[in-house]
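Input: a single structure, listed below in structure tokens.
Values below: every heavy atom of this structure, side chains too, minus hydrogens, waters and symmetry copies. First listed ligand is number 1; within each ligand, the first listed atom is number 1. Predicted model, so just to flag it, every value in this text is computed and none were measured.
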Amino acid sequence: MEKNKYVYLFSEGDASMKNLLGGKGANLAEMTSLGIPVPQGFTVTTEACNKYYDDGKVIAQEVIDQIYGKMAELETISGKKFGSTESPLLVSVRSGARASMPGMMDTILNLGLNDETVEAMAKLTGNPRFAYDSYRRFIQMFADVVMDVEKRTFEEIMDKMKEEKGVKLDTDLDADDLKKLVALFKEHYKKEKGEEFPSDPKMQLIESVTAVFRSWDNPRAIVYRRLNDIPSSWGTAVNVQEMVFGNKGETSGTGVAFSRNPSTGEKKIFAEYLMNAQGEDVVAGIRTPEPIEKLEQDMPEIYNQFVNIVNTLENHYRDMQDMEFTIEEGKLYFLQTRNGKRTAQAALKIAVNLVEEEMLSKEEAILKVDPKQLDSLLHPAFDSAKLKSATPIAKGLPASPGAACGKICFTAEEAKERHEKGEKVVLVRLETSPEDIEGMIAAEGILTVRGGMTSHAAVVARGMGTCCVAGCGELKVNEEKKTMEVGGKVYGSEDYISIDGTTGNIYGEAIGTVEPEITGYFGTFMAWADEIRVLKVRTNADTPRDAAQAVKFGAEGIGLCRTEHMFFAEDRIAAVREMILAKNEEQRRKALDKLLPMQREDFAGIYEAMEGRPVTIRFLDPPLHEFLPTEVEDMEALAKEMGLTFEEIKTTVESLHEFNPMMGHRGCRLAVSYPEIAEMQTRAVIEAAIEVKQNKGLDIVPEIMIPLVGEIKELKFVKDVVVKTAKEVMAEKGVELQYQVGTMIEIPRAALTADEIAKEAEFFSFGTNDLTQMTFGFSRDDAAKFLADYYEKKIYEFDPFAKLDQTGVGQLVKMAAEKGKVTRPNIKLGICGEHGGDPSSVEFCHNVGLNYVSCSPFRVPVARLAAAQAQVNNKR
Ligand code: PEP
Ligand code: MG
């Protein structure tokens with residue numbers, strides 16, 4: 001065996017070698033072995049790409065030698081010679097990673113042409129116009145793609161020539177014109193690059209291969225990889241394939257085909273082609289392609305062969321295929337095939353149909369839909385035709401999917417007021433805080449300048465299913481003056497903006513939205529996912545409305561009810577503030593007494609919405625100052641309302657100030673200082689459960705969850721309060737009720753001592769938002785500001801607040817789960833950080849043996865599918 005084989009002929013590979021040959025390369029090899037007419041060639045492997053980077057971005061001589069070696073074999077196969085002036089071999093060069101990756105290098109066609117070989121081509125084909133047209137296209141593509149000379153500058157030269165000749169179409173230029181154009185192009189190239197256009201085909205080839213490797217690391221590719229969970233370590237392969245020409249005259253043509261309709265999923269070949277054209281003409285949209293049905297009339301034999309191959313490929317891959325084909329002088333070739341990209345609706349229909357057609361098992365079909373794609377079925381989207389003509393003015397983090405359009409509002413109050421008057425508004429804030437909740441509910445979408453994927457805006461928006469773009473630092477927002485400035489333009493309260501929470505794009509204009517359509521296939525498909533998965537899916541919900549929504553989406557319980565969100569409602573905040581401002585326990589208890597009935601009502605509402613499913617209620621978590629006003633006028637108003645002086649309020653606010661509130665007086669620390677808060681919450685939880693048991697016959701086993709525990713003694717302290725109070729309530733009511741007390745594992749110390757903690761905790765729920773923050777040591781609210789630099793420098797490839805860092809934070813989760821089980825074999829394990837709705841993190845949770853994941857209502861279907869896929873891929 002060769003020591004390191006970096007280049008494979010198509011005839012040496014097969015579909016199983018996707019990691020090494022990339023998707024395109026592996027499929028070209030597979031098609032070759034199936035006997036499908038494929039122009040032959042070879043693939044430079046992903047390992048060669050990785051080597052290029054390992055070697056400091058140089059292509060090794062060893063790789064170059066192997067490329068030349070395979071080129072010599074290709075010459076034998078084709079009977080042509082690379083660089084020959086008699087029968088020149090021309091090739092295309094294309095990138096091909098393991099997963100298809102937009103943003104990578106474009107194709108280069110006609111490589112191998114120079115001033116001599118072009119003459120040979122002209123003679124061989126008897127068509128100098130064709131030869132020179134191919135040559136000028138090659139110069140243009142090579143210069144653009146490999147050498148960064150803008151394509152547009154070549155088009156300008158061509159336009160000028162057409163103008164001088166007084167013609168409109170490219171096809172109006174004859175061979176002599178094109179010959180002149182080639183000379184002009186080369187001159188332009190020399191001016192731009194300070195050197196001659198490379199005439200040596202071997203050099204053209206190596207330069208092109210290197211450019212593909214380089215493009216693996218361009219900014220567009222890096223962004224795409226981050227959004228699609230593709231690690232940079234995969235690398236890309238490069239495919240070098242003999243050219244066949246669709247532009248050789250009226251018996252030649254080229255086109256693209258899908259074995260089923262990619263937008264609807266309909267089982268019918270969907271294909272378009274152009275006669276006498278090269279691939280880019282179809283894509284460029286200069287000429288309108290013909291529907292494939294026309295081929296049936298014009299070239300029936302070719303058409304039959306085409307249909308046969310399409311069917312063969314679909315049956316072989318057992319999935320909808322996306323193919324490119326070329327007809328060269330009456331002979332049909334397939335240039336590539338891959339599993340076709342499709343809309344979410346089409347994906348569901350195709351998956352269900354393939355099972356009905358007995359092509360796939362349910363387990364296999366489950367893997368055919370990307371869980372993240374389900375998002376688009378549940379949220380409005382922009383009208384695609386209108387979106388096409390719009391240009392983004394800025395880009396932020398895609399924090400909560402969907403599309404929103406409305407007039408800008410800079411405060412939550414204004415959003416609420418204008419919404420009530422029937423206006424559609426988008427709330428634009430530097431960042432949101434719990435006080436903004438009503439404005440957030442009223443808004444079509446939420447846009448923030450600061451904050452990451454677990455910022456308040458992101459978490460709350462996802463919970464409500466509202467579109468949100470967060471952390472868009474490019475915007476200069478002045479909340480006081482009510483202006484938003486970006487790209488030199490100032491937007492005010494009467495201006496429309498549109499935001500896309502799926503891509504993070506922001507548009508400075510109104511773009512219409514369309515409501516999603518849920519078809520019957522969704523139900524069938526999700527039922528299969530539920531049959532297969534073992535990991536349960538719960539939801540994070542704080543209101544009966546969100547809880548009911550989540551049940552509709554298939555939630556099997558509540559994994560996190562954040563009680564503080566209820567404290568901000570207009571009718572409660574006064575009592576909450578009274579509690580905080582209390583000077584002693586007695587005053588505090590008085591305020592808490594006012595809150596008790598409201599909390600009881602909240603919990604009863606949630607229990608009812610969950611119809612007997614388990615509900616985990618987390619006790620008060622945020623630092624208390626979050627509930628107090630910060631503006632002078634608001635403090636004055638509060639002082640008046642509470643019969644205190646402005647100074648008294650100001651002093652309390654100042655005394656509650658913390659340098660690092662995320663690591664301050666919050667979580668169970670509040671209950672340690674003020675046990676009466678935990679008493680009130682316990683009362684509300686237990687009384688509400690008794691109430692719904694008696695009134696509605698629902699048997700609820702409430703799960704009381706103590707946040708931010710780092711030490712068993714602090715958990716025990718709070719648990720004792722809970723147990724004592726619960727006992728009292730049950731004695732008062734004369735009712736026995738089951739309940740559990742557990743904890744969040746969200747502080748590294750809790751994970752490290754999980755065996756201890758499990759002595760008291762009946763369940764663990766991993767709070768991976770805080771656990772990520774504290775394990776990395778960076779703030780969940782500020783990290784977005786500098787993470788961009790980390791992505792660019794490839795220090796981190798993913799946002800650890802969106803996708804669980806399995807190597808670091810994940811190890812704490814795994815260890816704590818194991819330790820917890822040692823102490824308490826039946827301990828219930830879940831996750832309620834934002835990662836609970838991220839597919840790769842869900843798979844991790846399945847693998848480490850958690851019982852459930854909990855996520856925002858709109859991500860419940862995503863998690864259900866991801867859990868089923870995890871089961872198919874890693875049975876447990
Ligand atoms: C967490 O920390 O992961 C969590 C769920 O709690 P919160 O986001 O409310 O801090
Ligand atoms: Mg937390």
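- Ionic pairing of Arg683 and Glu679 is not present here: no N-O contact between side-chain nitrogen and carboxylate oxygen is shorter than 4.0 angstrom.
- Contact atoms of ligand 1 toward Glu746: 1 (C), 2 (O), 6 (O) (distance under 4.0 Å to a heavy atom of the residue).
- Within the structure, ligand 1 lacks Glu834 among the residues with a heavy atom less than 4.0 angstrom away.
- A salt bridge does not link Asp375 to Arg859: none of the charged side-chain nitrogens sits closer than 4.0 Å to a carboxylate oxygen.
- Within a 6.0 Å radius of NZ in Lys536, other residues, nucleotides and ligands contribute 12 heavy atoms or fewer.
- Nearest protein neighbour of atom 5 (C) of ligand 1, counting heavy atoms only, is Cys832 O, 3.4 Å.
- Under the 4.0 Å criterion applied to side-chain N and carboxylate O atoms, Arg538 and Glu703 are assigned as salt-bridge partners.
- In terms of protein heavy-atom proximity, atom 9 (O) of ligand 1 is nearest to Arg562 NE, 2.8 Å.
- At the shortest separation from atom 6 (O) of ligand 1 among protein heavy atoms lies Arg618 NH1, 3.0 Å.
- The part of Arg666 lying near ligand 1 is the side chain, judged by heavy-atom distances below 4.0 Å.
- Neither the backbone nor the side chain of Leu771 comes within 4.0 Å of ligand 1, counting heavy atoms alone.
- Listed by atom number, the atoms of ligand 1 under 4.0 Å from Asp770 heavy atoms are 1 (C), 2 (O), 3 (O), 10 (O).
- Under the ring-ring contact (aromatic ring centres under 6.0 Å, His included) test applied with Tyr796, the options Tyr791, Phe776, Phe786 reduce to a single match, Phe776.
- At a heavy-atom distance under 4.0 Å, no atom of Met774 approaches ligand 1.
- Both tests do not hold together for Arg429 against Phe410: distance to the six-membered ring centre under 6.0 Å, angle to the ring axis within 45°.
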Please evaluate residues Phe553 and Phe858 with respect to the criterion ring pair (Phe, Tyr, Trp, His ring centres under 6.0 Å), reporting the C-alpha separation (whole Å), side-chain torsions for both, the decisive distance (0.1 Å), and the verdict. CA-CA 7 Å; Phe553 286 149; Phe858 282 83; 5.1 Å; yes
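- At least one N or O atom of Gly767, backbone or side chain, sits closer than 3.5 Å to an N or O atom of ligand 1.
- Contacts between Asn769 and ligand 1 below 4.0 angstrom, taking non-hydrogen atoms only, involve backbone and side chain alike.
- Side-chain polar atoms of Ser841 and Lys803 form no donor-acceptor pair below 3.5 angstrom.
- The N, O or S atom of Glu746 with the smallest distance to the Mg ion (ligand 2) is OE1.
- Considering both main-chain and side-chain atoms, Glu564 never comes within under 3.5 Å of ligand 1 through any nitrogen or oxygen pair.
- For ligand 1, the atoms closer than 4.0 angstrom to any heavy atom of Arg780 are 2 (O), 7 (P), 8 (O), 10 (O).
- For Asp770, the N, O or S atom closest to the Mg ion (ligand 2) goes by the atom name OD2.
- Atoms of ligand 1 found under 4.0 Å from any heavy atom of Met744 (numbered from 1 in listed order, with element): 4 (C), 5 (C), 6 (O).
- Figure legend: Arg572 and Phe567 shown without cation-pi pairing, the cationic atom not lying both under 6.0 angstrom from the six-membered ring centre and within 45 degrees of its axis.
- A salt bridge links Arg666 to Asp770: one of the charged nitrogens lies within less than 4.0 Å of a carboxylate oxygen.
- Around NZ of Lys395, the count of heavy atoms belonging to other residues, nucleotides or ligands within 6.0 Å exceeds 12.
- Close contacts of ligand 1 with Leu560, meaning ligand atoms under 4.0 Å from a residue heavy atom, involve 5 (C).
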